[in-house]
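Scroll down for the structure; my scribbles are underneath it.
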Amino acid sequence: MSTRTSWADLAANSAAENTTAGSSANNASVGTTSAAPARSTYVPPHLRNRVPSSDPPAPAYSGPASSNDRQGYGGPASSNDRQGYGGSRWGPPRNDYRSGYGVGGVGGRTGGWGNRSGGWDRGREREVNPFGDDDDTEQAFSEQENTEIDLGEALNQNIRRCKYVKPTPVQRHAIPISLAGRDLMACAQTGSGKTAAFCFPIISGIMKMQGQSAQRPLRGARTVYPLALILSPTRELSMQIHEEARKFSYQTGVKVVVAYGGAPLNQQLRELERGVDILVATPGRLVDLLERARVSLQMVKYLALDEADRMLDMGFEPQIRKIVEQNDMPLPGARQTMLFSATFPKEIQRLASDFLFNYIFLAVGRVGSSTDLIVQRVEFVHESDKRSHLMDLLHAQRANGVQGKQALTLVFVETKKGADSLEHWLYVNGFPSTSIHGDRTQQEREQALRSFRSGNTPILVATDVAARGLDIPHVAHVVNFDLPNDIDDYVHRIGRTGRAGKTGLATAFFNEGNASLARSLADLMQESNQEVPACCSLVMLFALLMEGGTVVLEEADLVAVTFEGTLHSVGAVQIIIVEQTAAVDMGLLADMEDMVQG
DNA sequence: AAAAAAT
């Protein structure tokens with residue numbers, strides 16, 4: 001162990017490497033954003049007039065609320081960036097570090113809030129080993145192991161137990177930035193380890209805070225004061241983040257609690273009362289808890305939004321604003337905010353900057369790109385043929401046999417009703433399947449997911465509730481039975497396969513109803529090195545779909561393909577679709593051009 | 001238009 005390069009070392013080295021460059025070999029770009037130029041000099045009121053201190057007990061650690069850190073970072077990402085977030089702070093071990101977590105009960109957290117819930121050290125004794133291996137827990141706390149501690153030895157140990165060998169690009173860049181105290185907007189492909197990228201710095205930071213005496217205000221006797229808040233758009237994703245965070249924080253003394261709707265409130269309240277450092281939640285339930293004054297956000301030092309673009313789109317934005325801006329959450333600059341997603345439309349990035357202070361924008365690859373670990377196929381399937389076509393795919397899959405663990409197939413449909421009816425149809429036709437959507441009870445949803453994960457029902461029919469974030473091992477095939485209207489949704493859906501370096505297959509059923517997706521789909525496929533015909537234009541995609549239908553094209557933006565003489569429009573592009581079998585000649589094309597212009 | 005998210 002001592003001879004090998006540690007996980008943390010790798011992170012440290014790469015932090016140093018990358019602070020000077022705007023891009024690196026793995027195509028990550030880091031830079032301060034131009035979206036909020038006016039904000040870079042803003043200092044929140046409570047931080048004004050503060051003399052850069054000479055760093056007593058919390059010095060080496062550049063904590064999230066430390067004012068001098070922030071000031072160290074003023075300018076745009078340039079050569080002085082190196083001093084900014086990398087280098088010295090991500091350096092050698094510090095002695096003050098262990099004091100907080102080494103032995104249960106040391107230091108700080110005694111005032112008013114911890115003891116009534118039994119205290120975190122007692123909680124730790126009862127902590128169930130989430131790894132199911134009881135053999136080497138003592139080793140984990142070996143006192144001699146005082147080597148390169150950056151995230152904290154207990155956390156490093158948990159990372160090893162999770163069999164994480166080497167940080168992914170997003171982790172390698174995001175973790176040092178977060179450890180240095182900077183706000184972050186991070187975009188990286190599905191399945192590239194974003195959860196860990198925001199969990200590690202949060203857990204590490206809270207471990208360090210345990211060494212300091214934190215005063216929690218005395219509010220209502222039953223109010224709890226989490227130090228970190230992680231929000232996600234679906235209940236199941238919150239559950240999953242909770243599970244992950246619990247693994248990472250095993251025996252660190254950091255308590256993780258989850259709160260979401262559809263499940264009994266009382267149980268969640270009891271968990272909260274036993275103490276909470278990191279609260280993982282869906283927005284609705286959290287708003288409820290805030291209104292009941294069972295949770296205060298006053299002590300929050302870390303705010304993470306997973307699937308951040310989703311959290312800030314029309315459906316969620318008011319709730320998020322309510323939570324972040326209309327409660328007692330510290331202002332940007334007094335907390336550390338991290339936004340993560342695989343997709344992040346520009347207009348939502350702009351909106352998101354409201355929640356950030358002097359932040360760094362990190363993108364691994366193009367924002368919204370897909371991983372080339374996923375083989376994408378598009379097949380032209382009429383609405384009426386979709387079921388039998390799916391049946392063919394499933395039969396073929398069954399015939400090809402399955403190696404090792406049961407290969408799972410996730411089938412996305414557009415509506416809840418459609419999910420129910422397809423599930424039933426599959427079931428009747430001898431394919432063990434289940435479904436998940438927002439009209440099912442929470443129990444049913446969780447049961448469906450369990451049954452799918454275990455391979456008991458290797459087919460899951462889902463609405464977009466399952467499109468984002470869920471990490472289900474052995475999903476070999478994602479079928480877009482109904483394609484979404486938005487390419488970003490497509491990216492998230494197919495991202496349920498091809499995770500953590502594994503390959504996957506995604507099949508889309510495409511027909512005339514999906515014309516509005518065609519161009520972006522073609523672009524995406526080309527970008528992720530998918531087999532799209534020679535010139536991967538919209539035209540060629542259609543040509544592929546038409547299976548040999550003749551396509552004549554003179555103008556790049558005018559497309560003629562063969563399908564039932566219907567006129568379609570794709571964005572600015574006019575598309576004429578004629579009979580599948582008809583050869584398109586120049587005369588016909590001219591006629592169609594007239595049609596389009598007329 | 002649909003999906004998700006509190007009771």
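Residue numbering restarts at 1 for every chain, and letters A, B, ... go by the order of the sequence lines. As a basis for the values below, the full set of heavy atoms in this structure was taken, side chains included, without hydrogen atoms, waters or symmetry mates.
A:Asp288 comes within 4.0 angstrom of a base, heavy atoms only. Note on A:Asp489: nothing from the nucleic acid sits closer than 4.0 angstrom, heavy atoms only. Contact annotation for A:Arg292: no contact, since no heavy-atom pair falls under 4.0 Å across all strands. Residue contacts shown for A:Val465 are limited to sugar-phosphate atoms, with no base heavy atom under 4.0 Å away. Here A:Arg235 lies in heavy-atom contact (under 4.0 Å) with sugar-phosphate atoms only.
A:Ala476 is linked by a side-chain contact (heavy atoms from CB on, under 4.5 Å) to A:Ala407, counting only residues two or more places apart in sequence or in another chain. With sequence neighbours excluded, the residues forming a side chain to side chain donor-acceptor pair (under 3.5 Å) with A:Ser451 are A:Thr457, listed by chain and number. Judged as a ring pair (Phe, Tyr, Trp, His ring centres under 6.0 Å), and not counting sequence neighbours, the contacts of A:His389 are A:Phe509. Residues meeting the ring pair (Phe, Tyr, Trp, His ring centres under 6.0 Å) test with A:His424, sequence neighbours left out: none. Judged as a side chain to side chain donor-acceptor pair (under 3.5 Å), and not counting sequence neighbours, A:Asn514 has no contacts.
In the 5' to 3' direction, nucleotides of DNA chain B lying under 4.0 Å from heavy atoms of chain A begin and end at B:dA1 to B:dT7.
Applying the ring-ring contact (aromatic ring centres under 6.0 Å, His included) rule to pairs touching residues 316-341 of chain A yields A:Phe198-A:Phe340, sequence neighbours excluded.
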Contacts under 3.5 angstrom, residues 228-239 of chain A side chains, donor-acceptor by atom type, not counting sequence neighbours:
| unit_1 | atom_1 | unit_2 | atom_2 | d |
| --- | --- | --- | --- | --- |
| A:Ser232 | OG | A:Thr234 | O | 3.2 |
| A:Ser232 | OG | A:Ser238 | N | 3.3 |
| A:Ser232 | OG | A:Ser238 | OG | 2.9 |
| A:Thr234 | OG1 | A:Leu237 | N | 3.2 |
| A:Arg235 | NE | A:Gly261 | O | 3.2 |
| A:Arg235 | NH1 | A:Gln442 | OE1 | 2.9 |
| A:Glu236 | OE1 | A:Arg445 | NH2 | 2.7 |
| A:Glu236 | OE2 | A:Gln442 | NE2 | 3.1 |
| A:Glu236 | OE2 | A:Arg445 | NE | 2.8 |
| A:Glu236 | OE2 | A:Arg445 | NH2 | 3.3 |
| A:Ser238 | OG | A:Ala281 | O | 3.3 |

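Near DNA chain B, meaning a heavy atom under 4.0 Å away, the residues from residues 312-322 of chain A are A:Gly315, A:Phe316, A:Gln319.
A:Phe380 and A:Phe510 have tilted rings, their planes meeting at an angle from 30° to 60° on a 0 to 90° scale.
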